Amino acid sequence: MIEKTYQPADIEARMAAAWEAEGAFKAGRPERRDAEPFTIMIPPPNVTGSLHIGHALNNTLQDVLCRFERMRGRDVLWQPGMDHAGIATQMVVERQLMERKEPGRREMGREKFLERVWQWKAESGGLIINQLKRLGASCDWDRERFTMDEGLSRAVVKVFVELHAQGLIYKDKRLVNWDPKLLTAISDLEVQQIEVKGSLWHLRYPLQGVTFDPANPATYIVVATTRPETMLGDSAVAVNPEDDRYRHLVGKKVVLPLVGRLIPIVADDYSDMEKGSGAVKITPAHDFNDFEVGRRHNLPQINILDIEGKVALADNEDYLRDLPVGTDDLVNELHGMDRFAARKVIVQRMEDFGFLEKIEPHTSMVPHGDRSGVVIEPYLTDQWYVDAQTLARPAIAAVRSGATTFVPKNWEKTYFEWMENIQPWCISRQLWWGHQIPAWYGPDGKVFVAETEEEAVGKALGYYVEKDMITPEQGAEMARDPAARADFITRDEDVLDTWFSSALWPFTTLGWPDDATDVARYYPTNVLVTGFDIIFFWVARMMMMGLHFMKDVPFPTIYIHALVRDEKGAKMSKSKGNVIDPLNLIDTYGADALRFTLAAMAAQGRDIKLATSRVEGYRNFATKLWNACRFAEMNGCALPAKFDHTHAKETLNRWIAHETVAATREVTEALEAYRFNDAAGAIYRFVWNVYCDWYLELAKPVMMGADSPAKAETQAMVAWARDEILKLLHPFMPFITEELWAVTAARPGLLTLEDWPLAKTVMSAERLQMMAMAASGDPLIAPLPLLVPTDAEGFSDPAAEAEIGWVVELITAIRSLRAEMNITPATLTPLVLIGASDDIKARAQRWSDVMKRLARLGDISFADRAPDGAVQLLVRGEVAALPLKGVIDVAAERARLTKEIAKADGDIKRVDAKLTNEKFVANAPDEIVEEEKTKRADAVARRAKLDEAMERLKGAE
RNA sequence: GGGCGCGUAGCUCAGCGGGAGAGCACCUCGUUGACAUCGAGGGGGUCACAGGUUCGAUCCCUGUCGCGCCCA
């Protein structure tokens, strides 16, 4: 028994429980052991995350595919899990400690702190998993993995060690993006360039050997900079070798103001003659470009900042080397000062001494940390790097060859662009929450990388015994007792970039390296569904790691979906306050409505601007379906065993079978091509505009009438089409369809495990062509399986379509006319069919009941010519007349006819323009020319009938 | 500066070589045997602009203007 009103919240909870109880989403269900697998890896959400609208879209699309393929009989594995999100999680826990006024991370110590993070995870992490369940995500939840769980951690270590052994991971001292707030290095991708309005300071650097005179430009060189405070670390001034203004100065030296250091003027292409003064200060330790210039000219790298971005001059050997005496004042004043405070002081001092030429307003891109939001400092440190360039090569080739394709294809360009210019990937982070790097150092700084501490220690001790740095006895002691070696061998403190472990997600979640069974069955996965914002962070790296360790791409297809924006197209963000909370939408409209909205709006290659009115509209759609099912139930519609829709006798029933099969094909083909919006649109139109608007309406007279074979068949067909609808709609609206499935009949199983109506793809033109080629013996094509639709799947009935189509169009035309003529619904108008053949007469008799009801007609009769004063309609070549003498406004009808005639004339004129054009007839394809001729004939016939109608109208006056 | 994409009905968007479409909004009408979370009907667009290719351009090409996003 179907409830009177549709209440999503209640249904959703019950259906989720039903799926859970059945274990419906488990991969490797016994009855599917021989089925072809279908695998999707969820993009693991952050453990700190909560469901935002982007997740809702991403997971809806994955779920649509998973449910679709599950119904098509595949052994579906949708692998769920979460990412430990190094920085984000550590920040959350540190904030919590602060709020609770507990000791901070450093006070607490590493071990204690990590315990607290795990405790936090147990208590409040992973909120998002339950939110995904509310959305209806059909993941195999028992297989949930976490990037920091034991198995995945082991895999991470193994990968690190192997890549290190292969020389693809190495340690290097170079400039990194340093976050002075989080006190860690971050990768290029975690840096956001933000346009900042600032200044360009023009500074005078006095030439060596002449007396500095602000009034005499010959005594100095002007450099322009956006970061005056870094001048403390300058080790050269660069000018362009082509620049005539400075050519004579190359090789000379300047005295660094305030500091007193002598630094050279070098010639380098990097200096842009158009920019600033054409001369640029070079600070190799604090700027990526300057670093390269410094390398080319062998300049010293003078780091003048500490890890927090404060000026560090005291005891700074690099800074103090070769400095003249008497600069202690500066050291004392600036030491320990924040970089931005120091900037002010330095500019002031420069001005005091006449070294400041001018300040120009200047807008430039300034790097910011995407997590901390502070200005990133290029900083010289030792870090671990992945040789991304080497790993990228096969990953590029795989996309070039088509082993992996992007949908939509244009993202391949973005992928290639980045991969071909890829930089070393900095993977070490100065954090605690994450996979600690499996590297140990001896007292001389030598690195020992191994999967376990025992192994690393063993290697190290062996090495130092060999080198006579310790005795074999000392070595044995240290091997036995960790305390004894504590000061001798120490482990690298750093952890790995979070994306390092997520790069391995497609195979580590399957049990690699411990267990190969699932890897063999489910790798490579079938498709990756993700947003373009993580193509670099994640997709590219999975490609690299998958190819390197599995020797195969992780997925043959990458479906890139849009970003969800607010109604106005702005990116949603907390600070803008324009965030649409999907959970609110679920509460208000139901998960099914939200899912359908997202799928319907997921047109390829477009951003989604989400309007809640759309969600509301699709909630109404769910209600519509609900009521249609109630209607069927009230009329005793049930599907008899062994019902065959292709053997229906009633035209109406043959028609809905025809339409259902067509809709099935449309939905199936759209889903196969990842055209989610087309699939959603097709099922929407079919349910509402075909099944509800016409089929049920046309079926009413039969169903309300006395029992008969026709009634029985109709009841069966109503139920059959309803069931087909529930199946087709299930991937999009799983909850309501599962509920309706359960309450409309005694079912042997859950809808979610039911067979999809169309097991095999019905052939497209291309496929037919390929089949023809295969038949002709093309060896490349021949091995393709020949997919042939069964009779039921290929069912079509043009005759039924012609009949019902005519009825539908006739009713529509009459309704339209009545509305235009302002005829009240209470007035029943007679209908006269003019010159009707026996066929048409029979049709009219068959449908007289519904026509009378739906078009508000009185008698239906036949005549050879229309009565005077009748309004005439032309539907599919048949003339219908409504004798409305005295009822209608003749002037209005004349106006209507005049408009129609003008339209027909317009059509004739346009077609004639083409047909009299010799070039058109000569060049256009025959079928187009034929089409145009038919169009002309139709228009001419229509015109003639309209003329007649106009004549008749005269008699009405 | 380089790349990608977008300008189609009031709004959100499909369509992408042969007669301009949907949903929402709007207007009119409706207690018709599931559904007012509904039904019936209707108005509304030089498909940004300018050239070119073509028998034919909203669709392909070039340019201009406007708007996003990504990378320097």
Side-chain angles (χ1 to χ4, degrees), chain A residues 2 4-6 188-189 192-193 288-289 365 408 410-414 416-418 421 532-533 535-536 562-563 565 567-571 589-590 593 597 600-635 637 675 677-678 680-681 684-685 688-689 692-693 696-697 700-701 703-704 718 811-826 852-856 903 906-907 910-911 913-925 927-929 931-932 935-936 938-939:
Chain A
I2 304 177
K4 175 105 168 73
T5 53
Y6 161 56
D188 297 343
L189 290 174
Q192 287 178 327
Q193 301 292 338
F288 287 98
N289 290 311
M365 300 302 276
N410 50 318
W411 290 108
E412 287 179 8
K413 192 149 190 165
T414 309
F416 288 137
E417 193 60 35
W418 189 67
N421 296 294
F532 58 80
D533 48 333
I535 290 180
F536 305 145
L563 218 62
R565 300 172 181 282
E567 261 169 292
K568 295 185 193 84
K571 206 166 168 172
Y589 303 108
T597 308
M601 296 189 80
Q604 289 177 6
R606 283 260 202 176
D607 286 346
I608 296 176
K609 290 182 209 162
L610 187 67
T612 49
S613 62
R614 291 297 292 263
V615 188
E616 187 180 347
Y618 291 121
R619 189 274 318 270
N620 295 352
F621 173 59
T623 306
K624 184 79 182 175
L625 174 72
W626 185 266
N627 285 308
C629 290
R630 278 182 66 221
F631 173 77
E633 184 182 63
M634 288 171 184
N635 285 283
C637 298
R675 294 196 322 265
N677 58 320
D678 286 343
Y684 180 93
R685 282 191 303 275
W688 203 314
N689 304 121
C692 291
D693 284 353
L696 293 184
E697 288 303 327
K700 274 175 184 174
M703 291 208 292
M704 307 291 175
V718 166
I811 292 171
T812 305
I814 296 170
R815 280 171 167 173
S816 176
L817 182 101
R818 290 177 58 105
E820 274 179 64
M821 296 294 124
N822 276 324
I823 300 169
T824 65
K852 283 175 182 171
R853 191 168 62 85
L854 298 178
R856 309 296 296 157
K903 216 170 133 193
D907 284 354
R910 192 177 50 247
V911 175
K914 282 191 182 180
L915 288 174
T916 56
N917 181 342
E918 284 170 32
K919 286 180 181 171
F920 171 73
V921 181
N923 292 318
E927 62 267 27
I928 297 293
V929 177
E931 222 173 89
E932 293 294 325
K935 264 186 223 164
R936 184 174 196 286
D938 287 351

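FYI, side chains are in, hydrogens and waters are out, and symmetry mates aren't considered; it's all heavy atoms of this structure. A, B, ... follow the sequence lines: proteins, then strands. Residue 1 opens every chain. Predicted, not measured: the structure shown is a model, and the values here were computed from it.
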- Starting from the C-alpha separation in whole Å, work towards a yes-or-no answer on side chain to side chain contact (heavy atoms under 4.5 Å, CB included) for A:T597 and A:R619. CA-CA 9 Å; A:T597 308; A:R619 189 274 318 270; over 6 Å; no
Whole-Å distance, A:R675 CZ to B:C16 C1', equals 14 Å
inquiry  = For a quick check, tell me whether the side chain of A:K700 and the base of B:A34 share a donor-acceptor pair closer than 3.5 Å.
reply    = yes
When rounded to the nearest 0.5 Å, the distance separating NZ of A:K914 from CD1 of A:I928 is 8.0 Å
Practice prompt. Kindly confirm or rule out a cation-pi arrangement of A:K624 over A:Y684, judged by NZ or CZ under 6.0 Å from the six-membered ring centre and within 45° of its axis?
Written response: no
Q. Contact class for A:R815 vs. all strands (heavy atom < 4.0 Å): base, sugar-phosphate, or nothing?
A. sugar-phosphate
- [ ] Please evaluate the base of B:G41 for a donor-acceptor partner in the side chain of A:R818 within a cut-off of under 3.5 Å?
- [x] no
Checking B:A34, B:G30, B:G33 against the side chain of A:P825 (C-beta onward), the nearest is B:G30
| task | May I ask you to say what A:T812 touches in the nucleic acid, namely base, sugar-phosphate or nothing, with a heavy-atom cut-off under 4.0 Å? | result | sugar-phosphate
Of all heavy-atom pairs linking A:C692 and A:A628, the shortest is SG-CB, 3.7 Å
Whole-Å distance, A:K919 NZ to B:G17 P, equals 23 Å
Exercise. Considering only heavy atoms and no angle criterion, is a donor-acceptor pair shorter than 3.5 Å present between the side chain of A:R619 and the base of B:U37?
Worked result: yes
List the steps and the verdict of side chain to side chain contact (heavy atoms under 4.5 Å, CB included) for A:V929 and A:L915. CA-CA 8 Å; A:V929 177; A:L915 288 174; 4.2 Å; yes
Below 4.0 Å: OP1/OP2 of B:C38 and any side-chain N or O of A:N620: yes
* Is the phosphate of B:C4, meaning OP1 or OP2, less than 4.0 Å from a side-chain N or O of A:K413? -> yes
Whole-Å distance, A:D693 CG to B:G39 P, equals 6 Å
To the nearest angstrom, the CG-P distance between A:N677 and B:U12 comes to 18 Å
Whole-Å distance, A:E927 CD to B:G17 C1', equals 13 Å
Looking for any heavy atom pair under 4.0 Å, which part of the strands does A:R630 touch: base, sugar-phosphate only, or nothing? sugar-phosphate
Item to complete: Return yes if the base of B:A72 and the side-chain atoms of A:E417 contain a donor-acceptor N/O pair under 3.5 Å, otherwise no.
Response: no
Here the gap from A:I535 atom CD1 to A:E412 atom CD, rounded to the nearest 0.5 Å, amounts to 10.0 Å
Using atom names, set out every protein N or O paired with an N or O of nucleotides 42-44 of chain B below 3.5 Å, distance rounded to 0.1 Å.
from	atom 1	to	atom 2	distance (Å)
B:G42	OP1	A:S816	OG	2.9

Open item on the list: For A:E932 and A:K935: C-alpha separation, side-chain torsions, deciding distance, then whether salt bridge (charged side-chain N to carboxylate O under 4.0 Å, His left out) applies.
Closed with: CA-CA 5 Å; A:E932 293 294 325; A:K935 264 186 223 164; 2.8 Å; yes
Separation of B:C70 atom P from A:W418 atom CH2, nearest Å, is 16 Å
Protein-proximity profile, nucleotides 18-24 of chain B, B/S/- by nucleotide at the 4.0 Å heavy-atom cutoff, equals BB----S
Remember a base hit wins even if backbone is also touched, and classify A:C692 as base, sugar-phosphate or nothing at under 4.0 Å, heavy atoms.
base
Note to self: Classify A:Q192 by what it touches in the nucleic acid, base, sugar-phosphate, or nothing, heavy-atom distance under 4.0 Å.
What the structure shows: nothing
Before giving the answer on side chain to side chain contact (heavy atoms under 4.5 Å, CB included), spell out for A:N627 and A:Y6 the whole-Å C-alpha distance, their side-chain angles and the decisive distance to 0.1 Å. CA-CA 8 Å; A:N627 285 308; A:Y6 161 56; over 6 Å; no
Secondary structure of RNA chain B per the Watson-Crick/G-U criterion (both distances under 3.5 Å; [ ] crossing, | other strand, . unpaired) is ((((((((.[[[[.)..(..]]]].(((((.......))))).....[[[[[..)....]]]]]))))))).
